[in-house]
There are 2 protein chains.
Amino acid sequence: MRANKSKRAPSDRTVGRLTLYRRILNEIADDGVKHVHSHALALRAGATAAQVRRDLMVVGYEGTPRRGYGVAQLISALTSFLDEPGGQPVALVGIGNIGRSLLAYFVGRRPNLSIKAAFDVDPQKIGRVINGCRSFDLSELDREIEAQGIRVAILAVPASEAEQVARRLVDAGVVGILNFAPVALHTPPGIYVENVDVTMSLEKVAFFSRRKKARTAG
Amino acid sequence: MRANKSKRAPSDRTVGRLTLYRRILNEIADDGVKHVHSHALALRAGATAAQVRRDLMVVGYEGTPRRGYGVAQLISALTSFLDEPGGQPVALVGIGNIGRSLLAYFVGRRPNLSIKAAFDVDPQKIGRVINGCRSFDLSELDREIEAQGIRVAILAVPASEAEQVARRLVDAGVVGILNFAPVALHTPPGIYVENVDVTMSLEKVAFFSRRKKARTAG
DNA sequence: ATCACGCTGTGAATCATTTCACAATTAGAC
DNA sequence: GTCTAATTGTGAAATGATTCACAGCGTGAT
Ligand SMILES: NC(=O)c1ccc[n+]([C@@H]2O[C@H](COP(=O)([O-])OP(=O)(O)OC[C@H]3O[C@@H](n4cnc5c(N)ncnc54)[C@H](O)[C@@H]3O)[C@@H](O)[C@H]2O)c1
Ligand SMILES: NC(=O)c1ccc[n+]([C@@H]2O[C@H](COP(=O)([O-])OP(=O)(O)OC[C@H]3O[C@@H](n4cnc5c(N)ncnc54)[C@H](O)[C@@H]3O)[C@@H](O)[C@H]2O)c1
C-alpha cells in the first residue's frame, strides 16, 4: 500500500462511486470471491474500467497486474478512506412518510451511520422509540445534537420549513445535510448539502422519454 | 419568442435545472410576481445568474433587458419544452415503503406525470386502489403498460429483483426508468435510467462531514 | 529460469460544463 | 426625445471530468 498522494480533495462524484465500489465488493466477498479486476467492478458499478482505476487512485491501495485487487484489502482500504473510525451518528428531522421509510431502511444496515435521534413537531410522533431510534420534539434538537456530537443530518420536513430547520441544524453543529425538501438551502460556507429531489429526477426521466417512437420514426 | 436553435439535445443537468426553474416560477407566480431576473431565479435555485441564462437558451424564450423574464410566459415556454402535451402516464413497480410514499406524494401534484398503475408480487398489495391508483400483480405488467401506453416507470423493488424487473419493463415498452434500487441496471441503448441512491448520498454527506472541526483547527 | 500475456497506474488528450465578460438592448428618468 | 444604468444572450476562456493509450510489471505457463 502506498501513502495517499495528498492531492486535492476527491470530487463529489468520485466519493459517490467509491461507496458504490465498496458495496459491490462486500457483495462479491460474500460469494467467496478473492480478487477482482477493474473491468469486473466497472461492469457492476455501471462505470468504465479506466474510471474505476482513476477513482481508486485516491484511496491509497494498489492492485497487482494480472491478479487485480484483493477484495478484502480493497474493502478495508476503502473503509479506512471513507469512514470515520468511531462511526458517525446521524439525526433525522421530519418523521413523515419519507422519514419513517428511512428509519426503517437504515436500521442495522450501515452501523457506521446509524440514525441516533429523530425530531418532529407533531406531538403524536415524539417521545417514542421508532426502529430503535428515540424521537424528540424539535425544541430538544440543539441539546441532543450537541450531547451526541452529531454532525450529519437528514432533512425530511416540508419545503416551507426546510430553510429554518437547516439553519437550526447548522447552529447546533451539523456540517453535512442530506436534504429531501425541494428547495435550495442557503447555508454558510463549509456546510456540505446533498439534495435528493425525486420530483426533479422523475421529470428528467419523463423528458428523456418523450417522443421516442418504439419503432423507427416514419 | 425565437425558434429553438436545434442544437444538440440539452444535457441531463440542464434539464434538471429547467424543471427547478419552473417550480420556482410557479411559486413566485402565486405570490403575484410578474417579472423575474436571472439573478433572482439563480438565488432561489442555488445556481448562478449566468447558468440560468445559459440554461434558458435551449427553451426558445428570451427575456427583455432591464425587465427580465415574464413569469407567465417563461412558465409556458418551459412547459411546452419539458412536457409531453397529453401528459405521460407513469408506472410504479414495488409497493413497499418507498413505493407507498411516492404514491402518496405524487397524487395530484404533477397532473402531467401521474402514476397510473402500480405493480407488486405480494398478494396483499394487489387488486386495490391506493391513492387513486390501481395495483396489479406483476404478471399483468406487460398488458397494462401496453394498454395505457406507459413509457415511464419508477422501480422500487428489492435490489435482487431490480435487473429482471427492469428487463420486463423495457420489453413492455418503457423507455425511461427512475431506479431506487442500489444496483446499476443494464439496459439496451436508448433507455434512460436515473438512479436515486439514498445510501450513496448519505455516505457522501458523511464523508464530507469528516474531520471538520467546529472551531478552527488548532 | 524465462517468457508472453494482460492488467494496473497514470500522463495526456478529449469531452463536458461552468464561468467570464461584453456588445446589444431597453426601461425609466428627466 | 435623449441619456443612463442595468440586464440579456452568447462567444470564448476556464475549469472539471472522463477516456485514451501505453509503459511497466507480476503472474502463471512452460
Ligand atoms: N414522500 C415522498 O415521496 C417525497 C417525494 C419527494 C419529495 N419529498 C419531500 O420530502 C419532504 C418530506 O416529505 P414527506 O412525504 O415525508 O412529508 P410528510 O408531510 O409525510 O412529513 C413531514 C414531517 O415533518 C414534520 N414537520 C413539519 N414541520 C416541521 C418542523 N419545523 N420541524 C420538524 N418536523 C416538522 C411533520 O410533522 C411531518 O411529520 C418534503 O419536503 C417533501 O417535499 C417527499
Ligand atoms: N425505504 C428506503 O428508505 C430506501 C432507501 C434507500 C434505498 N431503498 C431501495 O428502494 C427499494 C425499495 O425499498 P423499500 O424500502 O420500499 O422496500 P420494501 O421491502 O418495503 O418494498 C419492496 C416491495 O417490492 C415488492 N417486490 C418484491 N419483489 C418484486 C418483484 N419482483 N416485482 C414487483 N414487486 C416486488 C415487495 O412485495 C415489496 O412490496 C429497494 O431496492 C431499496 O434498497 C429504499
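Reminder, nothing fancy here: chain letters follow the sequence lines and each chain counts from 1. Any value given below was found using the heavy atoms of this structure, including those in side chains, with hydrogens, waters and symmetry copies removed.
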Could you tabulate the donor-acceptor pairs under 3.5 Å formed by side-chain atoms of residues 32-39 of chain A, not counting sequence neighbours?
unit_1: A/His37; atom_1: NE2; unit_2: A/Arg66; atom_2: O; d: 3.4
unit_1: A/Ser38; atom_1: OG; unit_2: A/Arg53; atom_2: NH1; d: 3.2

Please set out all donor-acceptor pairs under 3.5 angstrom arising from side-chain atoms of residues 95-104 of chain A, sequence neighbours excluded.
unit_1: A/Arg100; atom_1: NH1; unit_2: A/Ile95; atom_2: O; d: 3.3
unit_1: A/Ser101; atom_1: OG; unit_2: A/Asn97; atom_2: O; d: 3.4
unit_1: A/Ser101; atom_1: OG; unit_2: B/Asn97; atom_2: O; d: 3.4

Run the side-chain donor-acceptor check on residues 108-116 of chain B: report pairs under 3.5 Å with partners two or more places apart or on a different chain.
unit_1: B/Arg109; atom_1: NE; unit_2: B/Tyr105; atom_2: O; d: 2.9
unit_1: B/Arg110; atom_1: NE; unit_2: A/Glu203; atom_2: OE2; d: 3.4
unit_1: B/Arg110; atom_1: NH1; unit_2: A/Glu203; atom_2: OE2; d: 2.1
unit_1: B/Arg110; atom_1: NH2; unit_2: B/Asp83; atom_2: OD2; d: 3.4
unit_1: B/Asn112; atom_1: ND2; unit_2: B/Glu84; atom_2: O; d: 3.0
unit_1: B/Ser114; atom_1: OG; unit_2: B/Lys116; atom_2: NZ; d: 2.9

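If you check residues 12-21 of chain A against DNA chain C, you find no residue with a heavy atom closer than 4.0 Å.
For the pair B/Met57 CE and C/dT17 P, the computed distance is 15 Å after rounding to whole Å. Distance, B/Gln73 CD to D/dT8 C1': 16 Å, rounded to whole Å. Following rounding to the nearest Å, B/His37 (NE2) and D/dT8 (P) show an atom-to-atom distance of 6 Å. For the pair B/Leu56 CG and D/dT7 P, the interatomic distance rounds to 16 Å; values are reported in whole Å.
Every residue two or more places apart in sequence or in another chain that forms a salt bridge (Lys or Arg N to Asp or Glu O under 4.0 Å) with A/Asp12 is listed here: B/Lys204. Checked against ring pair (Phe, Tyr, Trp, His ring centres under 6.0 Å), A/Tyr69 has no partners two or more places apart in sequence or in another chain. In this structure, the salt bridge (Lys or Arg N to Asp or Glu O under 4.0 Å) partners of B/Arg44, at least two apart in sequence or on a different chain, are B/Glu27. Legend: residues meeting salt bridge (Lys or Arg N to Asp or Glu O under 4.0 Å) with A/Arg168, ordered by chain and number and at least two apart, are A/Asp142. In this structure B/Tyr21 satisfies the ring pair (Phe, Tyr, Trp, His ring centres under 6.0 Å) test with no other residue, sequence neighbours excluded.
Residues in residues 175-191 of chain B take part in no salt bridge (Lys or Arg N to Asp or Glu O under 4.0 Å) pair, two or more places apart or across chains.
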Base, backbone or nothing for each nucleotide of nucleotides 19-30 of chain C, written B, S, -, heavy atoms under 4.0 angstrom, 5' to 3'? B-B---BBBS--
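Proximity of the aromatic rings of A/Phe81 and A/Tyr61 is defined here by a centroid distance below 6.0 angstrom, and this criterion is not met.
Each end of the helix from C/dA1-D/dT30 to C/dC30-D/dG1 gets its own rotation axis from five pairs of C1' atoms, and the angle between them is 20° to the nearest 10 degrees.
B/Val174 approaches B/Ile191 most closely through the heavy-atom pair O-CD1, 3.7 Å.
Taking 4.0 angstrom as the limit, B/Tyr69 places a side-chain polar atom (N or O) nearer than this to OP1 or OP2 of D/dG9.
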